[in-house]
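Before any comments, here is the structure.
Throughout, protein chains are lettered first and strands after them, A, B, ... in sequence-line order, and every chain is numbered starting at 1. Keep in mind that what you see is a predicted model, and the values were worked out from it rather than measured.
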2 protein chains.
Amino acid sequence: MEREKEILRTHIAGHHMKQTRQREVILEAFLKAGGHVSAEELYYKVSKRASSIGLATVYRTLGLLCECGIAQQREFGEGRTRFEIVHEYHQHHDHLICTKCGKIIEFENPNIERLQEKVAKDNDFTVYTHKLEIYGLCSECK
Amino acid sequence: MEREKEILRTHIAGHHMKQTRQREVILEAFLKAGGHVSAEELYYKVSKRASSIGLATVYRTLGLLCECGIAQQREFGEGRTRFEIVHEYHQHHDHLICTKCGKIIEFENPNIERLQEKVAKDNDFTVYTHKLEIYGLCSECK
DNA sequence: ATATCTGCAAATTGTTTGCTGACGA
DNA sequence: TCGTCAGCAAACAATTTGCAGATAT
């Protein structure tokens with residue numbers, strides 16, 4: 001929480017941008033939501049809590065959070081983009097997605113990562129990033 | 001090719017739908033394109049080859065092809081949906097995507113599949129499907 | 001004959017942008 | 001003060017839908 005605020009502050013300072021109330025509110029709401037929110041969902045939370053912050057501002061601020069490494073975009077096949085928190089000590093993680101209730105579970109698996117590296121190497125590919133999503137029913141929905 | 005035409009014909013017959021020239025043309029163009037096309041790209045190919053088939057028809061037909069298992073949707077983080085061919089003897093495959101030239105390489109890796117199953121089991125999850133995409137530079141682009 | 005298609009244009013959805021007044025440094 | 005920001009509405013892009021005439025069965 002404090003860490004992220006600090007990151008944002010530093011990024012803003014270093015890019016002749018300005019610290020604004022809206023940016024603070026949106027960042028707080030985003031962190032409080034725990035990630036995996038869409039822009040519209042976050043807009044909703046933010047609107048409820050406070051003033052008349054526009055959807056465009058939410059989009060712009062989420063873009064900003066991605067730029068400074070606090071958030072990251074993901075598309076799960078739903079048409080809309082979701083944003084998740086980049087945790088400090090977490091390394092890359094992947095997702096289990098319940099197709100019924102929409103719950104998203106994160107997991108990390110170094111073995112899978114290693115096999116992916118191998119596949120890339122076999123194909124003479126330089127990996128930038130990857131994503132793995134497993135769709136199905138969670139324990140509660142099946 | 002013939003196999004896919006047959007599947008489509010059977011599906012149409014079994015759903016009181018109608019065999020039309022457009023559907024044939026679109027299926028042929030889709031197969032000939034070899035998959036990984038977007039609706040608009042396919043529309044383009046189809047338009048060139050023949051008559052005034054509308055974009056909406058391409059969308060509707062691609063939906064139909066997905067329903068009868070000939071095609072499958074994928075979203076690579078570009079905003080638009082791509083459609084790929086479901087091959088008869090291929091089992092599930094994943095993708096290496098070159099972020100520079102856009103080339104898509106398919107691969108299969110049973111070990112990764114197995115590890116995914118394990119992750120799902122550990123989380124008490126019933127898997128429907130999954131997707132794995134590795135983004136980076138291909139041999140020619142790096 | 002009749003129900004399903006098609007093409008077109010209009011509607012939707014998610015997201016971005018231009019503009020003008022507001023505001024932080 | 002001055003440049004960046006916010007809110008709003010309009011613009012956009014990808015996809016879907018409604019409608020009226022066309023066409024398989």
Side-chain angles (χ1 to χ4, degrees), chain A residues 5 8-30 36-68 71-83 102, chain B residues 5 8-30 36-44 46-68 71-83:
Chain A
K5 284 189 179 175
L8 180 58
R9 209 170 292 125
T10 306
H11 182 91
I12 284 176
H15 291 257
H16 41 76
M17 290 177 167
K18 289 170 179 174
Q19 188 78 17
T20 67
R21 195 191 98 265
Q22 288 86 331
R23 283 173 177 165
E24 269 177 60
V25 171
I26 292 170
L27 173 57
E28 275 174 31
F30 174 65
H36 300 125
V37 281
S38 67
E40 199 124 8
E41 283 165 2
L42 187 57
Y43 169 60
Y44 217 67
K45 288 176 194 292
V46 157
S47 307
K48 241 182 353 196
R49 168 179 322 204
S51 44
S52 57
I53 291 181
L55 179 55
T57 302
V58 173
Y59 272 104
R60 285 191 270 233
T61 304
L62 280 170
L64 178 58
L65 297 185
C66 288
E67 268 174 38
C68 57
Q72 190 176 28
Q73 304 194 29
R74 287 269 182 170
E75 343 240 342
F76 306 102
E78 321 159 280
R80 60 190 166 165
T81 305
R82 288 186 174 278
F83 296 82
Chain B
K5 283 189 180 175
L8 180 58
R9 208 171 290 125
T10 307
H11 182 90
I12 284 175
H15 291 257
H16 41 77
M17 290 177 167
K18 289 171 179 173
Q19 187 78 18
T20 67
R21 194 190 98 267
Q22 289 86 330
R23 283 171 178 168
E24 269 178 58
V25 171
I26 293 170
L27 173 58
E28 276 175 30
F30 173 65
H36 300 124
V37 280
S38 68
E40 199 126 6
E41 284 165 1
L42 187 57
Y43 169 60
Y44 220 67
V46 156
S47 307
K48 241 182 353 195
R49 166 178 327 203
S51 43
S52 57
I53 292 181
L55 178 55
T57 302
V58 172
Y59 272 104
R60 285 190 272 231
T61 303
L62 280 170
L64 178 58
L65 297 186
C66 289
E67 269 174 38
C68 57
Q72 189 176 29
Q73 306 194 28
R74 288 269 183 171
E75 344 239 343
F76 306 102
E78 323 158 278
R80 60 190 167 166
T81 305
R82 290 186 173 278
F83 296 82

Review point. If you measure from OG on A/Ser47 to CD on A/Glu40, what distance do you get to the nearest 0.5 Å?
Key: 9.5 Å
**Study point:** B/Glu75 CD - C/dT13 C1' separation (whole Å)
**Key:** 14 Å
Check your understanding: Between D/dA14, C/dT15, C/dG24, which nucleotide gets closest to the side-chain atoms of A/Lys18?
Key -> C/dG24
**Study point:** Rounded distance (nearest 0.5 Å) linking atom CZ of A/Arg60 with atom CG of A/Leu62
**Key:** 12.0 Å
Practice item. Grab the NE2-P distance between A/His15 and D/dC5 for me, whole Å please. Key: 12 Å
Check your understanding: Among D/dG7, D/dT4, D/dA14, which is the nearest nucleotide to the side chain of A/Gln22?
Key -> D/dG7
**Study point:** 5' precedence on DNA chain D between B/Gly79 and B/Ala56 (nearest-nucleotide basis)
**Key:** B/Gly79
Review point. Could you state the CG-P distance from B/Leu64 to C/dC5, rounded to the nearest angstrom?
Key: 9 Å
Check your understanding: Between atom CG in A/Leu55 and atom P in D/dA6, what is the gap in whole Å?
Key -> 14 Å
Review point. How many Å lie between CZ on B/Arg82 and C1' on D/dA14, as a whole number?
Key: 13 Å
Review point. Which of these passes side-chain hydrogen bond (donor to acceptor under 3.5 Å, both in side chains) with A/Arg82: A/Gln72, A/Glu41, A/Gln73?
Key: A/Glu41
Practice item. Could you tell me whether the phosphate oxygens of C/dT15, OP1 or OP2, come under 4.0 Å of any side-chain nitrogen or oxygen in A/Tyr59? Key: yes
Check your understanding: Measuring from B/Arg23:CZ to B/Lys18:NZ, what's the distance to the nearest 0.5 Å?
Key -> 10.0 Å
**Study point:** Distance, nearest 0.5 Å, that separates OG1 of B/Thr20 from CD1 of B/Ile26
**Key:** 7.5 Å
Check your understanding: What is the nucleic acid contact for B/Arg21, judged by heavy atoms within less than 4.0 Å: base, sugar-phosphate only, or nothing?
Key -> nothing
Check your understanding: Just how far, in rounded Å, is P of C/dT15 from CG of A/Leu42?
Key -> 12 Å
Point to revise | hbond_proxy A/Arg23 side chain to C/dG24 base (donor-acceptor, 3.5 Å cutoff) | key: no
Review point. Would you say a side-chain N or O of B/Thr57 is under 4.0 Å from OP1 or OP2 of C/dC5?
Key: no
Exercise for review: Would you kindly give the NE2-to-C1' distance between B/His11 and C/dC5, to the nearest whole Å?
Suggested key: 15 Å
Revision key, fill the gap. Nearest-nucleotide check on DNA chain C, B/Tyr43 vs B/His16; residue mapping nearer the 5' end is B/His16
**Study point:** Along DNA chain C (nearest heavy atom to each residue), the more 5'-positioned of A/Arg60 and A/Glu40
**Key:** A/Glu40
Practice item. Take the protein atom CG of A/Leu62 and the nucleotide atom C1' of C/dT15, then report the distance between them rounded to whole Å. Key: 12 Å
Point to revise | 5′-ward residue of the pair B/Ala39/B/Gln19 relative to DNA chain D | key: B/Ala39
Review point. Is B/Thr81 touching bases, backbone alone, or none of the nucleic acid, heavy atoms closer than 4.0 Å?
Key: sugar-phosphate
